[in-house]
**Student:** 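What follows is a structure written as structure tokens; I'll ask about it next.
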Amino acid sequence: MIRSLLVPAKRPSAVTLRDNREIAQMREAGRIVARVHQAMREYVRSGVTTAELDAVAVDIIRSHDATPTFLGYHGFPASICTSLNDEIVHGIPCPQQVLTEGDIISIDVGVTYQGWVGDSGWTYAVGEISDDARCLLETAEGALWAGIDVMHAGNRLGDYSAVVQSYVEERGFEVIREYTGHGVGREMHEPPEVLNYGDPGTGIRFRPGLTLALEPMVTTGHWLTKADDDGWTVRTSDGALSAHFEHSIVVTSGAPQILTLL
Ligand code: MG
Ligand code: MG
């Protein structure tokens, strides 16, 4: 049993599996998240402020008798996260922050509906963007889809991590390592942590009813990050562009299902 001396005895936190009724309720929360993204796709354009995007999102969420999960979460002051260009996640919408042609903006949306959470992020182009930015967006979104393809019962968490990492690195980019995906359900952040890099064949096995928020964050530069003085905004330490794509999904006995779609 020498191995147990070498490996820290850190017990993984318990993972909760959801039944069909609970999944149906999570899908309702996820559908509201998707409606917000549908609106963001229309509203993101040069001249719009990130505060205006936040207001649009709040209107949609409240009109569905739901609440914005992020608002007040550990004191977060807004309802969505808006992260521009070298910002990775947790950017705070602001009336002074105006979108400009060529920007990329990552918008993260969390909705709580009847006690269930949906969580999805997407990176949008503001008008025409550079070839480099376009390639980054395609790679980060492609990494999410490649990762979702791995979410079959019997596969392991590390299989997902390894696929996302290799998909990104084969295209010359890096995955952000200091922030992760997560379990999602009654709370926005539940066990397990879902790393976007790692080794296949490691970690917990996927079982039907496991609900996760998968969210590769990808940069054209180095994966090291730094936080702004606002205590929230996380950006690349070298100023390189970053993109973020996220869906909440459920593992089933067949193909994985995405919960944050219309
Ligand atoms: Mg999110
Ligand atoms: Mg998330």
**Student:** Tell me whether Asn85 contacts the main-chain N or O of Asp103 through its side chain, where contact means a donor paired with an acceptor under 3.5 Å.
**Tutor:**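 Looks like no, no N/O pair under 3.5 Å.
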**Student:** Closer than 4.0 angstrom, basic N to acidic O: yes or no for Glu169 and Arg177?
**Tutor:**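 A salt bridge links Glu169 with Arg177.
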**Student:** Any chance you could measure Glu22, atom CD, to Trp116, atom CH2, to the nearest 0.5 Å?
**Tutor:**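 It is 4.0 Å, given to the nearest 0.5 Å.
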**Student:** Quick check with a 6.0 Å cut-off and a 45 degree axis cone: is Arg156 positioned over the face of Tyr160's six-membered ring?
**Tutor:**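 Negative - Arg156 is either too far from the ring of Tyr160 or too far off its axis.
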**Student:** Mind checking the CG-CG spacing from Asp159 to Asp149? Nearest 0.5 Å is all I need.
**Tutor:**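 So the gap between those two atoms works out to 13.0 Å.
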**Student:** State, yes or no, whether a side-chain contact exists between Gln97 and Leu84 at a heavy-atom distance under 4.5 Å.
**Tutor:**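 Counting from C-beta outward, Gln97 and Leu84 do come under 4.5 Å.
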**Student:** Would a distance-only check, ignoring hydrogens and angles, find a side-chain to backbone donor-acceptor pair under 3.5 Å from Thr260 to Val33?
**Tutor:**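 Between the backbone of Val33 and the side chain of Thr260 there is no qualifying donor-acceptor contact (under 3.5 Å).
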**Student:** Within the structure provided, determine whether Glu215 and His182 are in side-chain contact (heavy-atom separation under 4.5 Å).
**Tutor:**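 With C-beta onward as the side chain, the pair touches.
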**Student:** How close do Ala153 and Pro208 get, heavy atom to heavy atom, and via which atoms?
**Tutor:**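 For Ala153 and Pro208, the tightest heavy-atom pair comes out as CB-CD, 3.9 Å.
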**Student:** Using side-chain heavy atoms (C-beta onward) and a distance below 4.5 Å, is Ile249 in contact with Leu214?
**Tutor:**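 With C-beta onward as the side chain, the pair touches.
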**Student:** Give a yes or no on whether Leu261 and Val36 share a hydrophobic cluster (residues Ile, Leu, Val, Met, Phe, Trp, Tyr; joining criterion: side-chain heavy atoms under 4.5 Å apart).
**Tutor:**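 Hydrophobic grouping puts Leu261 with Val36.
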**Student:** Could you check Thr50 against Leu99 for side-chain contact (heavy atoms from CB on, under 4.5 Å), going step by step and ending with a plain yes or no?
**Tutor:** CA-CA 7 Å; Thr50 50; Leu99 301 188; 4.1 Å; yes
**Student:** Can you get from Leu195 to Ile148 by hopping between Ile, Leu, Val, Met, Phe, Trp and Tyr side chains that sit under 4.5 Å apart?
**Tutor:**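 Leu195 clusters together with Ile148.
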**Student:** For the side chain of Thr252 and the backbone of Pro256, is there at least one donor-acceptor N/O pair under 3.5 Å apart?
**Tutor:**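 Not a single qualifying donor-acceptor pair exists.
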**Student:** Just wondering, do Thr225 and Ser237 contact through their side chains at under 4.5 Å, heavy atoms?
**Tutor:**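 A side-chain contact under 4.5 Å is absent here.
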**Student:** Going by distance alone, is a donor N or O of one side chain under 3.5 Å from an acceptor N or O of the other, for Thr233 and Glu87?
**Tutor:**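 No, because no side-chain N or O of Thr233 sits under 3.5 Å from a partner of the opposite role on Glu87.
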**Student:** Does a donor on one side chain sit under 3.5 Å from an acceptor on the other, for Ser106 and Ser83?
**Tutor:**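 Short answer, no.
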**Student:** For Gly115, is there any backbone N or O sitting under 3.5 Å from a side-chain donor or acceptor partner on Arg186?
**Tutor:**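 Between the backbone of Gly115 and the side chain of Arg186 there is a qualifying donor-acceptor contact (under 3.5 Å).
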**Student:** With a 4.5 Å limit on heavy-atom distance, are the side chains of Leu262 and Gln38 in contact?
**Tutor:**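 Yes, their side chains come closer than 4.5 Å.
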**Student:** Identify the two heavy atoms, one from Ala78 and one from Ile92, that lie closest to each other, and give their separation to 0.1 Å.
**Tutor:**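 Answer, listing the atom of Ala78 first, then Ile92: CB-CG2, 4.4 Å.
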**Student:** Side chains of Ile204 and Pro192: does their closest heavy-atom pair fall under 4.5 Å?
**Tutor:**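 Side-chain contact under 4.5 Å: yes.
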**Student:** With a 3.5 Å distance limit and no angle check, can you tell me whether Asn155 reaches the backbone of Val150 through a side-chain donor-acceptor pair?
**Tutor:**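 Side chain of Asn155 to backbone of Val150, a donor-acceptor pair under 3.5 Å: yes, one is there.
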**Student:** In Å and rounded to the nearest 0.5 Å, what is the CD1 to CD1 distance from Ile129 to Ile105?
**Tutor:**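 Rounded to the nearest 0.5 Å, the CD1-CD1 separation comes to 12.5 Å.
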**Student:** Got a sec, which residues hit ring pair (Phe, Tyr, Trp, His ring centres under 6.0 Å) with Tyr73, two or more places apart in sequence or on another chain?
**Tutor:**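 Ring pair (Phe, Tyr, Trp, His ring centres under 6.0 Å) check on Tyr73 returns His189.
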**Student:** Quick test of your reading: applying ring pair (Phe, Tyr, Trp, His ring centres under 6.0 Å), list the pairs with at least one residue in residues 76-110, sequence neighbours left out, ordered by first then second residue.
**Tutor:**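 Checked against ring pair (Phe, Tyr, Trp, His ring centres under 6.0 Å) - neighbours excluded - the pairs reaching residues 76-110 are Phe76-Trp232, His90-Tyr179.
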**Student:** Can you sort out the partners of Ala39 under side chain to side chain contact (heavy atoms under 4.5 Å, CB included), two or more places apart, ordered by chain and number?
**Tutor:**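 Residues passing side chain to side chain contact (heavy atoms under 4.5 Å, CB included) with Ala39: Tyr43, Val56, Ile60.
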**Student:** Supply the atom-to-atom distance Tyr113 OH to Ile61 CD1, rounded to the nearest 0.5 angstrom.
**Tutor:**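 Here the rounded value is 13.5 Å.
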**Student:** I'd like to know if the side chain of His222 reaches the main chain of Leu224, judged simply by a donor and an acceptor atom lying under 3.5 Å from each other, with no hydrogens or angles considered.
**Tutor:**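 Yes, the answer is positive, given that a donor and an acceptor are paired below the 3.5 Å cut-off.
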**Student:** Does CD in Glu101 sit with more than 12 non-hydrogen atoms of other residues, nucleotides or ligands closer than 6.0 Å?
**Tutor:**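 Correct, the count exceeds 12.
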**Student:** Return the minimal non-hydrogen interatomic distance between Val58 and Ser79, and the atom names on each side.
**Tutor:**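 Looking at all heavy atoms of both residues, the shortest contact is CG2-OG, 3.1 Å.
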**Student:** Donor-acceptor pair, Thr211 side chain versus Val184 backbone, under 3.5 Å?
**Tutor:**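 Yes, because the side chain of Thr211 sits within donor-acceptor range (under 3.5 Å) of the backbone of Val184.
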**Student:** Identify the two heavy atoms, one from Glu138 and one from Tyr167, that lie closest to each other, and give their separation to 0.1 Å.
**Tutor:**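 Minimum heavy-atom separation between Glu138 and Tyr167: O-OH, 4.4 Å.
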**Student:** Measuring only between side-chain heavy atoms, which start at C-beta, is Glu246 closer than 4.5 Å to Asp119?
**Tutor:**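 Yes, close enough: below the 4.5 Å cut-off.
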**Student:** If you apply the rule side-chain contact (heavy atoms from CB on, under 4.5 Å), what do you find for Ile80 with Asp108, and how did you get there?
**Tutor:** CA-CA 6 Å; Ile80 58 173; Asp108 200 348; over 6 Å; no
**Student:** Using a cut-off of 6.0 Å, state whether more than 12 heavy atoms not belonging to Asp19 lie near its atom CG.
**Tutor:**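 More than 12 heavy atoms, drawn from other residues, nucleotides or ligands, come within 6.0 Å of this atom.
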**Student:** Step by step, would you call Val48 with Leu53 a side-chain contact (heavy atoms from CB on, under 4.5 Å)?
**Tutor:** CA-CA 8 Å; Val48 168; Leu53 296 176; 3.9 Å; yes
**Student:** Could you please spell out the steps behind the side-chain contact (heavy atoms from CB on, under 4.5 Å) verdict for Thr219 and Ile88?
**Tutor:** CA-CA 8 Å; Thr219 178; Ile88 303 163; over 6 Å; no
**Student:** Can you see which heavy atom on Leu137 is nearest to which on Ala243, and at what distance?
**Tutor:**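 Shortest heavy-atom separation between Leu137 and Ala243 comes out as CD1-CB, 4.0 Å.
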**Student:** Using a cut-off of 6.0 Å, state whether more than 12 heavy atoms not belonging to Asp230 lie near its atom CG.
**Tutor:**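 Yes.
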**Student:** Hydrophobic cluster membership, with links at side-chain heavy-atom distances under 4.5 Å among I/L/V/M/F/W/Y: are Met151 and Val163 in one?
**Tutor:**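 Yes, because Met151 and Val163 connect within a single hydrophobic cluster, where side-chain heavy atoms sit under 4.5 Å apart.
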**Student:** Output the distance between atom OG1 (Thr16) and atom CG (Leu210), rounded to the nearest 0.5 Å.
**Tutor:**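 It is 9.5 Å, given to the nearest 0.5 Å.
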**Student:** Quick check: does any side chain N or O of Glu190 sit under 3.5 Å from a backbone N or O of Glu187, one acting as donor and the other as acceptor?
**Tutor:**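 Yes; judged by distance alone, with no hydrogens or angles, the pair exists.
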**Student:** Can you see which heavy atom on Ala162 is nearest to which on Pro200, and at what distance?
**Tutor:**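 Shortest heavy-atom contact: CB-CD, 3.5 Å.
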**Student:** CZ of Arg41: more than 12 outside heavy atoms within 6.0 angstrom?
**Tutor:**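 Atom CZ in Arg41 is packed in, count exceeds 12.
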**Student:** With distance as the sole criterion, is a donor-acceptor pair present between the side chains of Thr69 and Thr112 under 3.5 Å?
**Tutor:**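 Yes - a donor-acceptor pair under 3.5 Å links their side chains.
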**Student:** Would you check if there is a donor-acceptor pair between the side chains of Gln25 and Arg18 at a distance under 3.5 Å?
**Tutor:**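 No, Gln25 and Arg18 have no side-chain donor paired with an acceptor closer than 3.5 Å.
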**Student:** Does any part of the side chain of Thr82, heavy atoms only, come nearer than 4.5 Å to the side chain of Asp54, both counted from C-beta?
**Tutor:**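 Asp54 does not reach Thr82 side chain to side chain.
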**Student:** For Asp229, what residues pass the side chain to side chain contact (heavy atoms under 4.5 Å, CB included) criterion, not counting sequence neighbours?
**Tutor:**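 Asp229 satisfies side chain to side chain contact (heavy atoms under 4.5 Å, CB included) with no residue once adjacent residues are dropped.
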**Student:** For residues Asp199 and Thr202, is any side-chain donor paired with an opposing acceptor at under 3.5 Å?
**Tutor:**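 Thr202 and Asp199 do not have a side-chain donor-acceptor pair below 3.5 Å.
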**Student:** Can you get from Trp223 to Ile104 by hopping between Ile, Leu, Val, Met, Phe, Trp and Tyr side chains that sit under 4.5 Å apart?
**Tutor:**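 Not linked; separate clusters.
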**Student:** Provide the full list of ring pair (Phe, Tyr, Trp, His ring centres under 6.0 Å) pairs with a residue in residues 242-262, sequence neighbours left out, each pair given once.
**Tutor:**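 Qualifying pairs: Trp122-Phe245, Trp122-His247, Trp145-His247.
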**Student:** Measuring from atom CD of Glu128 to atom OG of Ser46, what distance do you get when rounded to the nearest 0.5 angstrom?
**Tutor:**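 That separation rounds to 12.0 Å.
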**Student:** Among all residues two or more places apart in sequence or in another chain, which pass the side chain to side chain contact (heavy atoms under 4.5 Å, CB included) test with Thr49?
**Tutor:**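 By the side chain to side chain contact (heavy atoms under 4.5 Å, CB included) rule, Thr49 matches Ala51, Glu52, Val98.
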**Student:** Does Met40 share a hydrophobic cluster with Val111, counting links as ILVMFWY side-chain heavy atoms below 4.5 Å and allowing steps through other members?
**Tutor:**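 Looking at the clustering, Val111 is in the same group as Met40.
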